[in-house]
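When reading the values below, keep in mind they use all heavy atoms of this one structure, side chains included, and skip hydrogens, waters and symmetry mates.
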Protein chains: 2
Amino acid sequence: MANSEKKISKAVIRRLPIYLMYLEELENKNVKGISSKKLGEMTGFTPSQIRQDLNNFGGFGQQGYGYSVNSLKNEIGSILGYGKNKKGIIIGGGKLGKALASYERFKYVGLEVVDIFDRNPDNIGTEIGGITIRDVSELEQYVKNNKVDVGILTIPKESAQEYTDLLVENGARGIWNFASTEVKVPEGVVVENVRLNDSLSVLMYYLDN
Amino acid sequence: MANSEKKISKAVIRRLPIYLMYLEELENKNVKGISSKKLGEMTGFTPSQIRQDLNNFGGFGQQGYGYSVNSLKNEIGSILGYGKNKKGIIIGGGKLGKALASYERFKYVGLEVVDIFDRNPDNIGTEIGGITIRDVSELEQYVKNNKVDVGILTIPKESAQEYTDLLVENGARGIWNFASTEVKVPEGVVVENVRLNDSLSVLMYYLDN
DNA sequence: TAGATTGTTAATCGATTAACAATC
DNA sequence: TAGATTGTTAATCGATTAACAATC
């Protein structure tokens, strides 16, 4: 990293996966090099912004030529922490939990989902994506015995905080929260909310505005 | 609306559902009034920002007192278009499509999911959330005969553009896109992307940064 | 009335865009 | 070399925060 002192804004980080997506597309089309100008046309960002964003992390380009698709893809992947092999568990084996359990992308991003917990006896014991759903009453014992980096919450909002606390107290450092509530965590723990409600609300607003 | 000419930034719109969530919480706790200061403490936004945001749409507060929880909740709901009764269909009856089909919040937000389409024969004919999954080969005929306001895409990225085009050509004005690709739409059509990949990538980044 | 809190204008801050020298 | 495009500084733009008069 070029300058680990400079604070990088969240807006920059959120654009990185978008760059990555387009770079993968280019790679699939066997395109070797790309300029900030062309990448700007593809993504809708300005070339200037793309160069600014990338230069937060290093000078990945070459004057007069642009960027190598493959190496820029790898650089961004590495910035985002791909290949880190973190362990995650899903709390909530309902429909959304099951959908996520069979989500192929996890491994690519560097997160391995190792277990799923639910409280519904109909779900416990069933298998999904190669993982057998366990009884959530075993969760406390489980997190004391197994390292869990990320908890994925697909449970009703009422119990989101309770499970967050349990996970965080036992070493989890990230929460991917699909519950429609905010959870409190101590300093150093990351929460990424997926707010389907909010996303839908924004869509509904723009439908008529 | 106080001033329908002034351009309201997307950042403001994205905060509205968050305010709404907290207002609902307050209402459930039987709290009648709230000041921007207290709402700021709850949400993490500054009181100033909250007042600025709300005043884009009107003067909902009362000097010396604050805001009525109930009426502010209703105002924001109405701004977002709740209760509009739009029709939506889900394209893709896989796990994620099924999870969304049984998603209670739709009706509250003003979107009624009336049908689901899939191409997998194992899914076609099965029922989910009171809706029977139909064969996607019927989709073209369907959209010509039925008004569809919003298409909800829970399909692989390869076919996202194709179904977007079909929907938009037949009158859909909103796309809630869960496919991990960007879809192109003509002016006047709204796309709201839910990028699980990107959200997870951002979480992974902050896990170590 | 006095205290509280809004609505709104002005100041600040941060993010985006433009410009251009460096250089491949 | 000449042309192209980066990396980076400076300028602009927009969003957030501060301040305060209006007023309940």
**Asked** Which pair of non-hydrogen atoms, one from B:S199 and one from A:W176, has the smallest distance, and what is that distance?
**Response** OG-NE1, 2.9 Å
**Request:** Using atom NZ of B:K38 as one end and atom P of C:dT5 as the other, report the distance to the nearest whole Å.
**Result:** 7 Å
**Fill in**
Nearest-nucleotide check on DNA chain C, A:K10 vs A:G64; residue mapping nearer the 5' end is A:K10
**Message:** Could you tell me how far apart A:Q49 (CD) and D:dT12 (P) are, to the nearest whole angstrom?
**Reply:** 19 Å
**Prompt:** Distance check: side-chain N/O of B:S36 vs OP1/OP2 of C:dT6, anything under 4.0 Å?
**Reply:** yes
**Asked** Of all the nucleotides listed (D:dT17, C:dT17, C:dT5), which has the minimum atom distance to the side chain of B:S48?
**Response** D:dT17
**Prompt:** Within a strict 4.5 Å, meaning less than it, do heavy atoms of the A:R14 and B:V202 side chains meet?
**Reply:** yes
**Complete:** From the candidates C:dA15, D:dC24, C:dT16, the one with an atom nearest any side-chain atom of A:R15 is C:dT16
**Polar pair under 3.5 Å, donor/acceptor by atom type, side chain B:Q52, base C:dT9** = yes
**Asked** Judged by atom type as modelled, is there a donor-acceptor pair below 3.5 Å linking the side chain of B:E27 to the main-chain atoms of B:V69?
**Response** no
**Message:** From CZ of A:F60 over to P of D:dT5, roughly how many Å is that when rounded to an integer?
**Reply:** 20 Å
**Prompt:** Nearest heavy-atom pair of A:V185 and A:V168: which atoms, and what distance?
**Reply:** CG1-CG2, 4.3 Å
**Message:** Please enumerate all residues that pass side chain to side chain contact (heavy atoms under 4.5 Å, CB included) together with A:Y108, with sequence neighbours excluded.
**Reply:** A:E24, A:K73, A:Y82, A:R105
**Asked** D:dA10, D:dC24, D:dT17: which one has an atom nearest the side-chain heavy atoms of B:Q62?
**Response** D:dC24
**Request:** Find the distance A:K37:NZ to D:dG7:P and express it as a whole number of Å.
**Result:** 17 Å
**Request:** Name the nucleic acid region contacted by A:F45, choosing base, sugar-phosphate or nothing; use a 4.0 angstrom heavy-atom cut-off, strictly under.
**Result:** nothing
**Asked** Whole-Å distance between C:dT8 C1' and B:N56 CG?
**Response** 12 Å
**Item:** Dot-bracket encoding per residue of DNA chain C, Watson-Crick/G-U cut-off under 3.5 Å, | denoting interstrand
**Value:** ..||||||||||||||||||||||
**Request:** Could you check B:D118 against B:I91 for side-chain contact (heavy atoms from CB on, under 4.5 Å), going step by step and ending with a plain yes or no?
**Result:** CA-CA 6 Å; B:D118 198 74; B:I91 317 292; over 6 Å; no
**Request:** Could you pull out the closest heavy-atom pair between A:D115 and A:I131, with the gap in Å?
**Result:** CA-CG2, 3.7 Å
**Request:** Let me know the distance between CZ of A:R51 and P of C:dC20, rounded to the nearest Å.
**Result:** 13 Å
**Asked** Between B:D53 (CG) and C:dT8 (C1'), how many Å, whole number?
**Response** 14 Å
**Item:** Under-4.0 Å side-chain N/O to phosphate OP1/OP2 contact, B:T46 with D:dT17
**Value:** yes
**Request:** Find the distance B:N55:CG to C:dT9:P and express it as a whole number of Å.
**Result:** 10 Å
**Message:** Looking at D:dG7, I'd like to know if its phosphate oxygens (OP1 or OP2) sit under 4.0 Å from a side-chain N or O belonging to A:Y67.
**Reply:** yes
